[in-house]
Asks: 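Sharing a structure with you now.
Values in this document were obtained by computation on a predicted structure and should not be read as measured data.
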Amino acid sequence: MEQTVAQLILNALAAWGVKNIYGVSGDAILPFMDALGKQEKIKFYSTANEQGAAFMACGEARVTGMPGVCLATEGPGALNLVNGVADACRDDVPMLVITGQVETSKLSTNTKQYIDQQTLFTPITGFTVLLTRPESAVGTIKIALEKAIGDNTPCHVTIPRDIFLSPAHRALIPDLDQGLPPGVSGNIDQAINLIRSYRKPVIITGKAAIPFKDTVFQLARQIGAGIIPAQGARGIYPGTENIILGGLGEAHIPPVLKHADSVLLIGASPYEHKFIPSQSKILQIDTRPQQIAHQLRPVSLTGDVHQILRSLMEGLSNVSPDAGWLEEIKKCHADYVAMIRGEADLAGRPIPIQKAISILNDTIPADAIIAIDSGEFMHWFDRGFIARGQQVIISDHWRCMGGGLLLGLGAQTASPDKKVVILTGDGGFIMTMQELITAVRYSLPVVVIIFNNSMYSLEKHRMEKAGIGAFGVDVKTPDFASFAVSCGVEGIRVEDPETLRDVFHKAVGFDRPVVIDVISGSNKPGFI
């Protein structure tokens, strides 16, 4: 019996290294679901909602660097993917998005659940196409995957139901083309001369620095720079290294930053830009010209980041760091670590978030993955997290509340041998908490820590700062521990701060999902 297009696509995806697909079944993709069920090379994760599928694929891609794959049916199913796809688009995360569509004979008609998907996905993908010929299936999917990998972007293919069912002529599955590294744009010699003139440099490392973190660290030592890990790279270096200055944001600004005469931005996200002193000279290194922060008027180098860093190190081989500046950096580091460590002894109820973060520093395994949702707690984590080798994943740009749980689940499927810890707020958790069922269904032993203060506290504080009434910021939540138990998850409610350390230690040892509901206070970050 001749294989269908659905079967051929799955064979091709498996040959190209795809291990998982996340999605929800529906009419237009039933032939693809049938093919999925008859093969064993790719595992399908059925989520409670398509938004969960998109974010899980994004979580896998953030951890592995390779495209995560999500799947949805036509109409409402495709629309439910949008939040997760937009998150990937804004943060340069590679994904392959496959959606079903009505039969080709009904395209552009008033038929049930039809929508022009290419118009829908154009703003949030690097490539979107409607497949209308069976013989183009492999070539089209190949182009989408290659662009997703080459441009670090989500790419989308719409496939009508009748195309999935069409006979596929036997064809060889070609290898994916390996893209060549980009060239370098910018004047390397100008950048070298600029760095030579720096006496008090600071490096802010973003996501683009992660693959080359050892080289960046060597460069920092070579020129005598302190390092501030941006939110997208909080776990990039052990926090005990004496040139690490802690996070930068609403809850913490390293004191030496205001004295810096220069800042090297290496793949940093725009979130950190507003905290850079106006007197600092800026050199920005990133993968693409579109990432350059022109409002900072930087000298910029873009393209092959590794080659840029190697060229800078060669040109700066005889630079002598400023001894006085290095002493300032080391003192700032020591003061910062002492402050965070001391917060483990904070007392009082509700539980101070600073205390919880300080204790987490000692209890989260060094090889864990930490997924961060959006909310005020995120700023306290950014301030108080002292990395020991963990990988931190966070939405730099899109900041969709509720995404943390889903990113963490995707990270867990991609890294089954690592502990995944998910930090979220009560407001974010109620948006996607139905996906706890997915964690149970597939035995994903994530640890979910909820900072529960019964409000959208970030919004409350910003409204108060603006002098307007804090309206609509109260959050009515269920008993999260009981909800977790009803889903088949271990649920623990923590009100006594003295039990927090034991609970965290116990939770990371579970081989099943666990939810910890931390009844916490609302502490306004100092720079909001």
Asks: Between Arg341 and Asp362 (salt bridge meaning N to carboxylate O under 4.0 Å), is one present in this structure?
Replies: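 Between Asp362 and Arg341 there is a salt bridge, with a charged N closer than 4.0 Å to a carboxylate O.
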
Asks: Would Val85 and Thr128 count as a side-chain contact (heavy atoms from CB on, under 4.5 Å) if you check the C-alpha gap in whole Å, the side-chain angles of each, and the deciding distance to 0.1 Å?
Replies: CA-CA 12 Å; Val85 177; Thr128 177; over 6 Å; no

Asks: Under the rule for ring-ring contact (aromatic ring centres under 6.0 Å, His included), what residues qualify as partners of Phe127, not counting sequence neighbours?
Replies: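 Once residues adjacent in sequence are excluded, Phe127 has no partner under the ring-ring contact (aromatic ring centres under 6.0 Å, His included) criterion.
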
Asks: Please report the shortest heavy-atom distance between Val508 and Pro365, naming the atom on each side.
Replies: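 Between these two residues, the closest heavy atoms are CG1-CD, 4.1 Å.
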
Asks: Side chain of Arg399, backbone of Asp396: donor and acceptor closer than 3.5 Å?
Replies: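 Present.
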
Asks: Would a 4.5 Å heavy-atom cut-off, applied to side chains only, mark Val24 and Asn80 as touching?
Replies: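 No, every pair of side-chain atoms sits at 4.5 Å or beyond.
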
Asks: Against Glu250, only a single residue in Lys465, Arg383, Lys274 fulfils salt bridge (Lys or Arg N to Asp or Glu O under 4.0 Å); can you say which?
Replies: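 Going through Lys465, Arg383, Lys274 one by one, the salt bridge (Lys or Arg N to Asp or Glu O under 4.0 Å) with Glu250 is satisfied by Lys274 alone.
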
Asks: For the backbone of Asp91 and the side chain of Lys207, can you confirm whether one donor and one acceptor N or O come within less than 3.5 Å of each other?
Replies: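 Answer holds: yes.
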
Asks: Which of these, Ile353, Ile450, Ile351, Asn452, sits in a side chain to side chain contact (heavy atoms under 4.5 Å, CB included) with Val518?
Replies: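 Between Val518 and the candidates, side chain to side chain contact (heavy atoms under 4.5 Å, CB included) is satisfied uniquely by Ile351.
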
Asks: Please identify each residue that fulfils ring-ring contact (aromatic ring centres under 6.0 Å, His included) with Phe32, with sequence neighbours left out.
Replies: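 Here the qualifying residues are Phe164.
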
Asks: May I ask you to test the Ile9-Ile159 pair for a side-chain heavy-atom distance under 4.5 Å?
Replies: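 Yes, at least one pair of side-chain atoms sits under 4.5 Å.
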
Asks: Do side-chain atoms of Gln117 reach the backbone of Gly100 as a donor and acceptor pair under 3.5 angstrom?
Replies: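 Confirmed, Gln117 side chain pairs with Gly100 backbone.
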
Asks: Are the side chain of His505 and the backbone of Arg501 linked by a donor-acceptor contact shorter than 3.5 Å?
Replies: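 Side chain of His505 to backbone of Arg501: no pair is present.
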
Asks: Between Leu81 and Ala72, what is the shortest heavy-atom contact and its length?
Replies: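 Heavy atoms only, the tightest pair is CD1-CB, 3.5 Å.
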
Asks: Considering all heavy atoms of both residues, which atom of Cys70 and which atom of Ala53 are nearest to each other, and what is their separation?
Replies: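 Answer, listing the atom of Cys70 first, then Ala53: CB-O, 3.8 Å.
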
Asks: Which atom names give the shortest non-hydrogen contact between Gly267 and Ala208, and what distance separates them?
Replies: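 Smallest heavy-atom distance, with atoms named: CA-CB, 3.6 Å.
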
Asks: Within a radius of less than 6.0 Å around NZ of Lys142, do more than 12 heavy atoms belonging to other residues, nucleotides or ligands occur?
Replies: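 Enclosed.
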
Asks: Which residue is it: Glu74, Gln101, Gln118? I am looking for the one with a side chain to side chain donor-acceptor pair (under 3.5 Å) to Thr158.
Replies: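 With Thr158 as partner, side chain to side chain donor-acceptor pair (under 3.5 Å) holds for just one option, Gln118.
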
Asks: Rounded to the nearest 0.5 Å, what separates atom CD1 in Ile372 from atom CD1 in Ile394?
Replies: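 The CD1 atom of Ile372 sits 6.0 Å away from the CD1 atom of Ile394.
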
Asks: Less than 4.5 Å apart, side chain to side chain, heavy atoms only: is that true for Phe55 and Cys400?
Replies: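 Answer yes - side chains close enough.
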
Asks: In the structure I gave you, are the side-chain heavy atoms of Ile516 and Phe504 within less than 4.5 Å of one another anywhere?
Replies: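 With C-beta onward as the side chain, the pair touches.
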
Asks: Which residues pass the ring-ring contact (aromatic ring centres under 6.0 Å, His included) test with His306, not counting sequence neighbours?
Replies: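 Partners of His306 by the ring-ring contact (aromatic ring centres under 6.0 Å, His included) criterion, ordered by chain and then number, come out as Phe212.
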
Asks: I'd like to know if the side chain of Glu272 reaches the main chain of Gln231, judged simply by a donor and an acceptor atom lying under 3.5 Å from each other, with no hydrogens or angles considered.
Replies: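 Such a contact is found between Glu272 side chain and Gln231 backbone.
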
Asks: Is there a donor in the side chain of Glu60 and an acceptor in the side chain of Asn20, or the other way round, less than 3.5 Å apart?
Replies: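 Side chains of Glu60 and Asn20: pair found under 3.5 Å.
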
Asks: Can a side-chain donor-acceptor contact be found between Thr438 and Tyr22 if the only test is distance below 3.5 angstrom?
Replies: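 Checked: Tyr22/Thr438 side chains show no N/O donor-acceptor pair below 3.5 Å.
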
Asks: What I'd like to find out is whether the side chain of Cys89 reaches to under 4.5 Å of the side chain of Trp398, using heavy atoms alone.
Replies: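 They are not in contact (no side-chain heavy atoms under 4.5 Å apart), so the answer is no.
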
Asks: What pair of heavy atoms forms the shortest contact from Gly408 to Val446, and how long is it?
Replies: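 Gly408 and Val446 have their closest heavy atoms at O-CG1, 4.2 Å.
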
Asks: For the atom pair OG1 (Thr140) and CG (Leu131), what is the distance rounded to the nearest 0.5 Å?
Replies: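 If I round to the nearest 0.5 Å, the distance is 5.0 Å.
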
Asks: So do the side chains of Asn11 and Gln39 get within less than 4.5 Å of each other, counting heavy atoms only?
Replies: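 No, too far: nothing below the 4.5 Å cut-off.
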
Asks: With a 4.5 Å heavy-atom cut-off, do Val420 and Ser415 have their side chains touching?
Replies: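 Side-chain contact under 4.5 Å: no.
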
Asks: Take atom CD in Gln290; do more than 12 heavy atoms of anything else shown fall under 6.0 Å from it?
Replies: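 Yes - once you tally the heavy atoms of other residues, nucleotides and ligands closer than 6.0 Å, there are more than 12.
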
Asks: How about Gln51 and Met431: do any of their side-chain heavy atoms sit closer than 4.5 Å?
Replies: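 Not in contact.
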
Asks: Answer yes when Lys419 and Asp367 have at least one side-chain N-carboxylate O distance shorter than 4.0 Å, and no when they do not.
Replies: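 Salt bridge absent between Lys419 and Asp367.
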
Asks: Any ion pair linking Glu376 and Arg462 (charged N to carboxylate O, less than 4.0 Å)?
Replies: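 No, this pair does not count.
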
Asks: Could you pull out the closest heavy-atom pair between Ala54 and Gly84, with the gap in Å?
Replies: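 Looking at all heavy atoms of both residues, the shortest contact is CB-CA, 3.7 Å.
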
Asks: Before giving the answer on side-chain contact (heavy atoms from CB on, under 4.5 Å), spell out for Asp426 and Phe451 the whole-Å C-alpha distance, their side-chain angles and the decisive distance to 0.1 Å.
Replies: CA-CA 6 Å; Asp426 48 350; Phe451 295 100; over 6 Å; no

Asks: Does Leu409 form a side-chain contact (heavy atoms from CB on, under 4.5 Å) with Gln412? I'd like the steps, not just the answer.
Replies: CA-CA 5 Å; Leu409 292 176; Gln412 187 70 85; 5.6 Å; no

Asks: Atom OH of Tyr271 and atom NE2 of His379: how far apart are they, to the nearest 0.5 Å?
Replies: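 Going from OH on Tyr271 over to NE2 on His379, the span is 4.5 Å.
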
Asks: Roughly how far, to the nearest 0.5 Å, is CD1 of Ile386 from CD1 of Ile364?
Replies: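 Spacing of CD1 (Ile364) from CD1 (Ile386) equals 12.0 Å.
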
Asks: Looking at Glu241, is its backbone amide N or carbonyl O close enough to the side chain of His333 to form a donor-acceptor pair, meaning the two atoms are under 3.5 Å apart?
Replies: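 Yes: the side chain of His333 pairs with the backbone of Glu241.
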
Asks: Rounded to the nearest 0.5 Å, what separation is found between the OH atom of Tyr237 and the CD1 atom of Ile244?
Replies: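 Spacing of OH (Tyr237) from CD1 (Ile244) equals 7.0 Å.
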
Asks: Could you walk me through whether Asp27 and Lys112 pass the side-chain contact (heavy atoms from CB on, under 4.5 Å) check?
Replies: CA-CA 11 Å; Asp27 284 353; Lys112 179 187 73 173; 3.8 Å; yes

Asks: Could you check whether Asp382 pairs with Arg234 (Lys NZ or Arg NE/NH1/NH2 to Asp/Glu carboxylate O, under 4.0 Å)?
Replies: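 Result for this pair is yes, salt bridge flagged.
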
Asks: Using modelled atom types only, decide if a donor and an acceptor are shared between the side chain of Glu50 and the backbone of Pro76 within a distance under 3.5 Å.
Replies: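 Absent.
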
Asks: Drop me the distance from Phe429's CZ to Phe480's CZ, to the nearest 0.5 angstrom.
Replies: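 Rounded to the nearest 0.5 Å, the CZ-CZ separation comes to 6.0 Å.
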
Asks: Looking at Arg349 and Glu495, is there a salt bridge between them, counting it only when a charged N and a carboxylate O are closer than 4.0 Å?
Replies: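 Looking at Arg349 together with Glu495, the answer is no, because their closest N to O distance does not fall below 4.0 Å.
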
Asks: Mark yes or no for whether Ser358, through its side chain, and Lys355, through its backbone, hold a donor-acceptor pair below 3.5 Å.
Replies: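 Absent.
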
Asks: Quick one: do Lys38 and Asp34 make a salt bridge, cutoff under 4.0 Å?
Replies: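 Here Lys38 pairs with Asp34 in a salt bridge, since their nearest N and O are under 4.0 Å apart.
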
Asks: Donor-acceptor check, side chain of Arg441 to backbone of Ser46, threshold 3.5 angstrom: yes or no?
Replies: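 Pair found, side chain donor or acceptor close to backbone of Ser46.
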
Asks: Within the distance-only criterion (no hydrogens, no angle test), does the side chain of Glu435 pair as donor or acceptor with the backbone N or O of Asn49 below 3.5 angstrom?
Replies: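 Yes, because the side chain of Glu435 sits within donor-acceptor range (under 3.5 Å) of the backbone of Asn49.
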
Asks: Between Asp92 and Arg288, does any side-chain N to carboxylate O distance fall below 4.0 Å?
Replies: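 Here Asp92 pairs with Arg288 in a salt bridge, since their nearest N and O are under 4.0 Å apart.
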
